[in-house]
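Structure, as C-alpha cells:
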Amino acid sequence: MPKSDIPKAYEARQYEDQIYAAWEKSGFFNPDNLSGDPYAIMMPPPNVTGILHLGHALENTLMDTMARFQRMRGKKVLLVPGTDHAALPTQAKVEKMLMEQGIKNPRQELGREALVEKIRDFAEQSKATILSQIRKMGTSCDWSRLAYTFDEKRSRAVNELFIRLYNDGLIYRGYRVVNWSVKGQSTCSDDEVEYIERTAKLYTFKYAKDFPIAISSTRPETKLGDTAVAVHPTDERYQKFVGQTFIVDVGAAKPLEIKIIADEHVDPQFGTGALGVTPAHSPIDFALYEKQKAKQDPIGLIPVIGTDGTMTEQAGDYAGLSVEAAREKFVAWLRREGLLEKEEEVRQEVGTSDRYGDVLEALPMTQWWLDVNKEIPGRNKSLRDLMREAVTTGLDGDSTQRVTITPDRFTKLYLDRIENLRDWCLSRQVWWGHRIPVWYCTGGKDGICLQDCRHPIASVQKPVECPACHSDKFKQDPDTLDTWFSSGSWTFSTLGWPEPTKDLQTFHPTDWMQMGYEILYLWLMRMILMSSYALGEIPFKEAYIHGILRDKDGKKFSKSSGNGIDPIEVIEQYGCDALRISLLIGISPGNDSRYFVEKIESGRNFTNKLWNIARFVIQSTDSSVILSASEGSRNTLADRWIRSRFATVIQEITDHLEKYEFSQAGEKLRDFTWNEFADWYLEISKVEQKNGMLLQILRELLVLWHPFMPFVTEVIWKQVGEGLLMVQPWPIADASLRDEQAEQDFTLVQQAITSIRNIRAEYKVEPKQLVNIQIQTMDDRAASVLMENVENIKKLSRVDAILPSTATPHNPSAIAVFGSITIHVSLPVDVASEKTRLQKAREEKQHYIEMTQTKLENDEFTSKAPARVVKEMKEKFAQAKNELSGIEHQMSVLDNHRAS
RNA sequence: GGGCGCAUAGCUCAGUUGGUUAGAGCGUCACAUUGACAUUGUGAAGGUCAGAGGUUCGACUCCUCUUGCGCCCACCA
C-alpha cells in the first residue's frame with residue numbers, strides 16, 4: 001500500500017479475516033513449526049449447548065494473549081482448541097427445544113437412538129459455530145490438534161480411565177440416597193446442585209396420639225417412610241424412650257415401626273429436639289440409617305417417593321399422588337386427627353437441578369461412585385490425598401509437581417473443599433454422553449447371571465464370556481457418565497493419552513490454565529484428580545482464576561435476563577482488538593468485571609490511535625532509513641528520554657505479563673504509547689525531524705502490543721516490518737538505555753511547556769496568538785536544558801520569543817514556578833486576578849512546606865525512616881521552598897507595580 | 001451457622017512487599033477543526049480512600065470492630 005493511501009481510520013472489518021487466514025497458513029499456530037521450550041495451554045472446551053458469549057471472549061483473550069506473548073518470547077507454544085459435548089446440559093437443552101416443538105416426552109416418543117441423533121445434530125451445529133467464533137476472536141490455536149470430549153480419541157481416554165479406576169476398586173456401584181431430578185429423569189452430583197432460598201411451611205406433629213414425641217418437618221409426606229426418631233443422647237425429655245419401637249399407622253401400606261434412636265447430631269434446641277428419620281428421602285437420615293446398621297441396631301428404609309415424583313405403593317393411601325397432593329392430604333389428615341401441633345413459615349434452602357431447574361428429590365438408588373477416600377492400590381494414598389498434595393507439597397512431595405493457583409485465596413477454598421469431599425456420583429440416566437463401559441451377564445433367566453455373579457465387567461467391548469457362568473450374553477449398563485468425567489482428563493486426553501505420544505511427553509504437565517471461579521470445584525479439582533491418578537502428574541503448573549463478566553449493572557449475563565451480547569456482533573462493529581483490549585483492561589484476577597459499550601469505544605479509539613501513530617511515522621519516515629535506524633544521527637534530550645522510558649516500559653510490561661497482570665500491562669503500555677510516545681515524542685519529532693528512532697520504537701511497540709491487539713498490529717507490521725509480526729522476537733529491555741538524568745531533564749521541558757499552556761488557557765489566549773516568555777533560574781543545568789530545547793518549547797507552547805532572563809519585564813506578567821525555575825509569560829495581566837491565582841498557589845505550597853517540615857523536624861522520622869525516604873523528603877522540601885520564594889517574589893513585584 | 005470477596009473522583013476500576021501533594025479510562029466544563037488522528041488536541045474542575053479504634057516516626061495499604069453490597073459452603077429436620 002502506498003504511504004499516501006493509508007486510510008485515516010482503521011477499519012478492522014477490512015483486515016481481520018485475511019490476517020487470520022495468513023496466520024493460519026503460516027503454520028505458526030502449530031508448535032511443530034516452532035522451536036524453543038514447550039509451552040502449552042489447553043483451552044477449556046466450551047459446551048456445545050449454544051454459541052459463545054462474552055465470557056468466552058474474555059477467556060479466549062486471556063489465553064491468546066498469553067500464548068502470543070510466550071510465542072514471541074521464543075517458546076514452542078501449543079494452544080489446543082476444543083469443545084465439550086456436555087452430556088446432561090446438552091441433552092437438557094435439546095429436550096427443551098423438542099418439547100417447545102410439541103414433542104411432550106422426547107425420550108419416550110423418539111427412543112434412545114433417534115433422540116441421540118437429534119442431540120448429535122444440534123451439537124455438531126453449535127460446535128461449528130463455536131469454532132468459527134474462536135477464529136473471529138483471533139485465537140492462535142493449533143487447529144490440527146482440535147479436540148472434542150466426545151470424539152474417538154477422547155472416548156478412548158475416558159473408557160481407559162474408567163476401567164483403570166474400576167479395576168483399582170475406586171469406582172464402585174453403591175446404593176444410597178442421590179439427588180434426583182424428576183424433570184430430567186437423572187441423578188446429578190452434589191456439585192451440580194444449585195440452592196435457592198424459598199419459604200416453606202414447617203409442620204410440627206405426632207405420628208399418633210399415643211406417640212410420645214412430636215417431630216417437625218417441611219416435607220410431611222415423606223414421613224410415610226419414617227422408620228425412626230432420633231434424639232440427642234443427653235436429652236432428658238426423651239432419654240427414657242431410646243431403644244423403644246412404636247408402631248404407628250399413618251396411612252402407609254404397612255404400619256410404621258418407629259425406633260427411638262440417639263444421635264449426637266440432633267440439635268435439642270431445634271424444634272421439638274427430635275428428628276423424624278426418613279432414610280429413603282434424606283441424605284442425612286440415610287447416613288443415620290447406615291450408622292445404625294453399623295451399630296448392629298438397624299432401622300428400616302421405606303422409599304415412598306418414586307423416580308416419577310409420585311408416591312409409591314409403599315405410601316399406601318397416598319400411592320400415585322404427586323408429592324404436593326400427598327403433602328396436602330397428609331396435613332389434612334394430621335389436622336383431622338388432632339395430631340398437628342404447630343404450623344409456621346420458615347425460610348429454607350432447597351436444592352435444584354442446575355440444568356433442569358426442578359427441585360431435586362432425594363431418592364435411594366444404585367449408582368456408580370468414585371471413592372475419594374480409598375487407598376489407591378500400590379500408592380499408599382487416596383485420590384483425596386493426591387488432590388491435597390497437588391496444591392501444597394506437590395505430588396509425592398515433588399515441588400515441580402505443584403499447581404500454583406492465582407490468586408492465592410482460591411487455594412484455601414480448594415483445600416477446604418477437599419476436606420469435606422464426598423464420593424462423586426458418576427452415573428447419569430441421560431443418553432447423550434459416554435456410556436458406562438460396564439457389562440452385566442444376562443445368561444440366565446430374567447437376564448440375571450446363572451451363577452448370580454453380580455460382578456459386572458468393565459470393558460469397552462462386549463466381554464467374551466462370563467467368568468462365573470460362561471455365558472456370552474451381556475448387556476451394557478444403560479447409564480452415561482457425568483460430563484465432568486471426560487472434561488477432567490482434558491489436559492492429557494488432548495495430548496493423546498493413553499498412547500505414550502510425543503505430545504504427551506513434550507507438553508504435559510501443561511503450563512497455564514485459566515478458568516472462572518465458578519468451575520473451580522467442578523473442573524479444576526477433577527482435572528487435578530484425574531491427572532494425578534492417571535499420569536502421576538499435575539495437569540498444569542499454573543491456574544489463573546478469573547471472575548465473571550457482568551453487564552453494566554453488575555448483573556450476570558443470562559438468557560433469562562435478556563442481556564446477552566454476541567461477541568461476534570461487537571467484533572463486527574468495533575473490531576476484535578477493541579473488544580480484546582477492553583476486556584483485559586480493568587480486570588484483576590479472581591474478581592468480577594463489568595462490560596459496557598463505553599469500554600469498547602475506548603478500546604476502538606485506542607486502536608485507531610495506534611493506527612494513526614503508525615500512519616504518521618510511516619508518512620514522515622523515509623523507508624530507506626529503516627534498516628539503519630539504530631544509528632542516531634542526533635541524540636537529543638527527547639531521544640535519550642524516550643529510549644530510557646521505553647526501556648523501562650518494556651521491562652514493566654514483561655514483568656506484568658509474567659505475573660498475569662494483564663490489565664496493568666495493558667494500561668502501562670497504553671499510557672506510554674499515547675501519553676508519552678504520541679503526545680510528546682511525536683510532537684517533538686515534528687520539530688527535531690526524527691526518522692529512524694520513530695520507526696524503531698514503533699516497531700518494538702507493535703511487538704509489545706501484538707499479544708493484546710493482534711490484528712491491527714499485524715496490519716501495520718506489513719508496512720514497517722518483514723515477515724509475520726506474530727513470530728517476531730519479544731524485545732529485551734536494554735538497561736543501559738536507562739537514563740535517570742535525561743528523564744529528570746525532560747520533565748523540566750514538559751513542565752515548562754505545560755505551565756505555559758496552562759497560563760495561556762487561563763488567560764484565554766487565542767491558540768493562534770504567539771506569546772513571549774522569559775525564563776529565570778539560578779540553576780545553570782536547568783537553564784541549559786531549557787535553552788537546548790528552546791525550539792521544542794516554542795513550538796509546543798506556541799511561544800514567539802524567549803527573552804533574555806536578565807531583562808526586567810516592563811509589565812507584570814503571568815508566572816509559572818516549578819523547581820528552581822520561574823517562567824514569565826508576557827501578557828496584559830489583570831493584577832488583581834493574577835494575585836488571587838498566586839495566593840492560591842502560595843497557600844498550597846505553604847501547606848506542603850509545613851507538613852514536610854514537621855516530618856523533617858521529627859527525630860523519630862529522620863532516625864527510623866529509611867535514608868532514601870528522608871533524602872527524598874529533604875529534596876522536595878527544598879524545591880517547595882524554592883517555588884514558594886518564586887511565587888512570593890512575583891507577588892511583591894505585583895504589589896510594587898500597583899504601588900507605582 | 002461458617003467462610004470469602006468488595007467498599008478509592010459522577011461512573012468503571014488501578015494502587016505490587018506501609019513512605020506519591022492518592023492515579024487512569026469514561027463522563028463533565030472551557031478552548032481549538034486545512035496536514036497522523038475529532039475514534040482528535042490543549043487545559044481545568046472533581047476524592048476527609050465506607051465508619052470507629054489500634055499498631056507505627058509514618059496507614060488507601062497491617063490488625064480489631066461496625067455498617068452496606070455480593071458470592072460460596074453447611075445434615076437445623
Side-chain angles (χ1 to χ4, degrees), chain A residues 6 8-10 195 202 215-219 230 265-267 269-272 274-278 282-288 346 348-349 407 409-410 412-413 416-417 420 517-518 520-521 547-548 552 554 574 578 582 585-588 590-596 598-599 601-620 655-656 659 661 663-664 667-668 670-671 675 678-679 682-683 686 754 757-762 764-768 796-798 844-845 847-848 851-852 855 858-866 868-870 872-873 876 880:
Chain A
I6 300 175
K8 283 177 112 166
Y10 172 65
Y195 290 94
L202 180 67
I215 52 153
S216 302
S217 177
T218 52
R219 296 288 308 273
H265 287 285
V266 180
D267 178 2
Q269 306 304 320
F270 184 85
T272 62
L275 169 65
V277 181
T278 322
S282 154
I284 313 142
D285 297 1
F286 185 81
L288 280 174
V346 292
Q348 87 175 155
E349 296 252 304
R409 66 186 145 94
F410 289 106
K412 198 176 165 291
L413 272 182
D416 286 351
R417 181 59 167 243
N420 300 312
Y517 57 72
E518 74 275 13
L520 190 79
Y521 300 141
I548 295 171
K552 64 177 169 39
Y574 297 97
S582 60
I585 287 187
I587 65 164
S588 55
N591 294 331
D592 295 350
S593 56
R594 294 185 193 200
Y595 171 93
F596 37 92
E598 288 86 347
K599 268 192 198 173
E601 280 169 359
S602 154
R604 190 262 325 262
N605 293 356
F606 179 72
T607 316
N608 194 60
K609 185 71 184 183
L610 189 63
W611 177 259
N612 275 289
I613 287 171
R615 187 161 178 258
F616 172 79
V617 172
I618 292 164
Q619 285 174 356
S620 63
D655 291 347
H656 282 311
K659 290 190 278 182
E661 292 163 352
S663 181
Q664 295 188 60
E667 275 182 271
K668 278 197 179 148
R670 184 186 57 193
D671 286 349
N675 303 333
D679 289 351
L682 245 54
E683 291 306 318
K686 292 174 185 172
T754 308
R757 284 172 176 170
N758 182 336
I759 286 171
R760 293 180 58 110
E762 275 193 50
K764 303 211 185 302
V765 179
E766 285 288 313
K768 280 178 196 154
L796 299 194
S797 53
R798 303 204 54 80
E844 277 171 17
K845 281 291 167 238
H847 177 74
Y848 181 67
M851 232 178 60
T852 317
K855 272 190 190 167
N858 184 344
D859 287 341
E860 297 220 73
F861 170 70
T862 48
S863 62
K864 287 184 183 171
R868 178 184 55 83
V869 176
V870 178
E872 268 171 30
M873 189 71 74
K876 284 181 183 171

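Naming: A, B, ... by sequence-line order, numbering from 1 per chain.
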[atom1]-based separation of [M] from [N] [nearest Å]:
| N | M | atom1 | answer |
| --- | --- | --- | --- |
| B/C69 | B/U55 | C1' | 29 Å |
| B/G10 | B/G2 | P | 36 Å |
| B/G23 | B/C60 | C1' | 12 Å |
| B/G51 | B/C6 | C1' | 16 Å |
| B/C49 | B/C37 | P | 44 Å |
| B/G18 | B/C76 | P | 40 Å |

Under 4.0 angstrom, heavy atoms only, what part of the nucleic acid is [X] near: base, sugar-phosphate, or nothing?
| X | value |
| --- | --- |
| A/K864 | base |
| A/K552 | nothing |
| A/S282 | nothing |
| A/G586 | sugar-phosphate |
| A/D285 | nothing |
| A/K845 | base |
| A/Y521 | sugar-phosphate |
| A/E762 | nothing |

Given that both pair distances must be under 3.5 Å and the pair must be Watson-Crick or G-U, what runs of three or more consecutive pairs involve RNA chain B?
-> B:1-7 with B:67-73, B:10-13 with B:23-26, B:28-32 with B:40-44, B:50-54 with B:62-66
Please answer whether B/U21 and A/Y848 are stacked, defined here as ring centres separated by less than 5.5 Å and planes angled under 30°.
-> yes
Using the ring of A/Y848 (Phe, Tyr or Trp, six-membered ring only), decide whether A/K876 places NZ or CZ under 6.0 Å from its centre and within 45 degrees of its axis.
-> no
So is A/K609 actually on top of A/F606's ring, under 6.0 Å and inside 45° of the axis?
-> no
Establish whether the base of B/A24 is bridged to the side chain of A/K668 by a donor-acceptor pair shorter than 3.5 Å.
-> no
Answer with yes or no whether A/E661 presents, from its side chain, a donor or acceptor under 3.5 Å of a partner atom in the base of B/A14.
-> no
Spell out protein contact along nucleotides 2-10 of chain B as letters: B when the base is contacted, S when just the sugar-phosphate is, - when no protein heavy atom is under 4.0 Å; keep the 5' to 3' order.
-> ---S-----
How long is the line joining CZ of A/F861 and P of B/C57, in whole Å?
-> 13 Å
Got a list of protein N/O to nucleotides 25-33 of chain B N/O distances below 3.5 Å?
| unit_1 | atom_1 | unit_2 | atom_2 | d |
| --- | --- | --- | --- | --- |
| B/G25 | O2' | A/S602 | OG | 3.4 |

